[in-house]
Chemist: 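Mind having a look at this structure? Questions to follow.
One-based numbering, in listed order, for ligands and for the atoms of each. All values reported here derive from a predicted model rather than from experimental measurement. Positions are given from 1 along the sequence.
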Amino acid sequence: MDELALLVAADRRALNYTRSLPSRRVFPDAEAIDGLKRFDEPLPLNGHSAEQTLALLDEVGSPGTTASNGADYFGFVIGASLPVASAAERLMIAWDQCASGWDNSPVSATLERQAARWLLEILDLPAESAVGFGTSATACTLSCLATARRELLKRQGWDVDQDGLTGAPEIRVVVSALAHITVIKALRVLGFGLRHLLIAPVNDRGQVDVERLPELNERTILCLQAGEVNSGEFDDFEQLIPPAKASGSWVHVDGAFGLWARASSLNVLTSGIEQADSWTTDAHKWLNTPYDCAMAICRHAAALSATLRGDAVYSAAAEDAQKNLTMEFSRRPRGIPVWAALRTLGSKGVAEMVERHCRLASRVAEGLSSSGYRVLNRVVLNQVLFRADDEQQTLRICDAVQASGETWFGATQWQGKSALRISVSSWRTQDANIERLLALLDRVKQSDLAE
Ligand SMILES: *Cc1c(COP(=O)(O)O)cnc(C)c1O
């Protein structure tokens, strides 16, 4: 089969998959999972045909997917892919650009600059900020925290690039007790030492307790969050950031999904966030672009660029070349799906999507309460945290829901006990999906009580 015929075949299979999303189980059944054993074959000496490889991928692989690109998936904050973001991604794959800088791909450099400008505008963050389009919030947080440390050390007269960390002034990290595990991972990988982190206690809602914040100074990085993964709560930026800045601290905000509230009428949740030094957010979650797509945003553009500089003798580039703002040197122009999503939705479309998800989450909370569940959070955003009557029933309900194949969400821990967590973040999810979810949860609870 020639190249074009193969790509047409792949497109046809991809279209069939997309078409099948509404009727697909949300999590694969045992048979489909068992079928994945067919991938366990020896590395061929003489390769198989491309056509056969594609067929195997589709016939065995497609049934083994999680339908997180559908309307009925409520696990984590996964989002789906907007049609235009998927479409732009398809074209981008055909282009196969190495988007390190202008020299490699003028179109990528142009579009990622444009996406960065729009992003700062829609998130209402300082226009002078640099935006690195990285693989994930994890990688972008790592970039921002490395920049924070380098910059604070520089202000202390220490050149970490040349002299490293041995003998350097100590940089302290104050981090929310409910910081996402990937923030902790970034800190650990950067060598801050888990034992040395200063944990900021949180209140009952999961927000950093302003009264009990550890002391801050010019050698401190303060990590806050917009959108806690369980409760969806936001730290009180208006109370926390100005004194932190006055002390000389660097403030970083993890807004992997929550930062998008700023693009909607829920923006009051983020008041004061613009005063931070750096922010992380994902596009592959709430903006509904395909994976991997996230942003490191830094008010001090030159500092991010100096920290991540990847110029070589054979390839110098502008300060805002993406290879100087991300971990990668060779990279896909992952800002292009962001550009496509923003251009197609417009700021109004983004606001409408975010607001609809939050409204649907409130409806979930209301329905759950009527079915006798206990909702544990305020539902300020798109996250609903809840429990059944006791620990055992909560876990049984989780199992029953997952086994149904009609939807998928998972269990978590909240204040020491199991809880269930529903995130509404797919552009496809509408009122009818929520009513079906609630009917299922009601059925499952009633039949559990009957047994
Ligand atoms: C998902 C998430 C992350 C990590 O994002 P990735 O893109 O998966 O690396 C960080 N913080 C919060 C609050 C998240 O929800």
Chemist: Could you identify the single nearest non-hydrogen protein atom to atom 9 (O) of ligand 1 and state the distance to 0.1 Å?
Modeler: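 Here the closest protein heavy atom is T138 OG1, 2.5 Å.
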Chemist: Of all the heavy-atom pairs spanning S425 and N288, show the shortest one and how long it is.
Modeler: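 What the structure gives for the nearest pair is O-ND2, 2.8 Å.
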Chemist: Who's the nearest protein heavy-atom neighbour of atom 11 (N) of ligand 1, and how far?
Modeler: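 The answer is D254 OD2, 2.6 Å.
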Chemist: Quick test of your reading of the structure: of K185, H284, K285, whose heavy atom lies closest to atom 15 (O) of ligand 1?
Modeler: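 Shortest heavy-atom distance from atom 15 (O) of ligand 1: K285.
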Chemist: Can a donor-acceptor pair be found between the side chains of N104 and S100 at a distance below 3.5 Å?
Modeler: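 Note: N104 and S100 side chains meet the donor-acceptor criterion.
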Chemist: Just which atoms of ligand 1 are under 4.0 Å from any heavy atom in G227?
Modeler: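 Going through ligand 1 atom by atom, the ones under 4.0 Å from G227 are 13 (C).
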Chemist: With atoms numbered from 1 as shown, which atoms in ligand 1 lie under 4.0 angstrom from a non-hydrogen atom of V229?
Modeler: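 Listed by number with element: 13 (C), 14 (C), 15 (O).
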Chemist: What protein heavy atom sits nearest atom 5 (O) of ligand 1, and how far away is it?
Modeler: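 Answer, as residue, atom name and distance: A137 CB, 3.1 Å.
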Chemist: Using a 4.0 Å heavy-atom cut-off, which part of T182 comes near ligand 1: side chain, backbone, both, or neither?
Modeler: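 Side chain only.
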Chemist: Is a donor from one side chain sitting under 3.5 angstrom from an acceptor on the other, for H300 and D277?
Modeler: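 Their side chains do contain a donor-acceptor pair, which is all the 3.5 Å distance test asks for.
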Chemist: Judged by atom type as modelled, is there a donor-acceptor pair below 3.5 Å linking the side chain of W427 to the main-chain atoms of S81?
Modeler: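 Answer holds: yes.
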Chemist: Do H357 and W260 have ring centroids that are under 6.0 Å from one another?
Modeler: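 Aromatic pair excluded; centres sit 6.0 Å or further apart.
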Chemist: Out of G258, A256, A139, whose heavy atom sits nearest atom 12 (C) of ligand 1?
Modeler: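 Nearest heavy atom to atom 12 (C) of ligand 1 lies in A256.
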Chemist: State, to 0.1 Å, how close V174 and E215 come at their nearest heavy-atom pair, and which atoms those are.
Modeler: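 Smallest heavy-atom distance, with atoms named: CG2-O, 4.3 Å.
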Chemist: Hey, is A294 one of the residues with a heavy atom under 4.0 angstrom from ligand 1?
Modeler: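 Outside the 4.0 Å threshold, so no.
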Chemist: Please tell me whether D442 and S371 have a donor and an acceptor in their side chains that are separated by less than 3.5 angstrom.
Modeler: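 Yes, side-chain donor-acceptor contact under 3.5 Å.
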Chemist: Measure across R205 and E233 and return the closest heavy-atom pair with its distance rounded to 0.1 Å.
Modeler: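 Heavy atoms only, the tightest pair is O-CG, 3.2 Å.
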Chemist: Show which atoms of ligand 1 fall inside a sub-4.0 Å distance from at least one heavy-atom site of D282.
Modeler: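 Matching atoms, with element in brackets: 5 (O), 6 (P), 7 (O).
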Chemist: Determine whether the side chain, the backbone, both or neither of F257 has a heavy atom under 4.0 Å from any heavy atom of ligand 1.
Modeler: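 It is the side chain that touches ligand 1; the backbone stays farther off.
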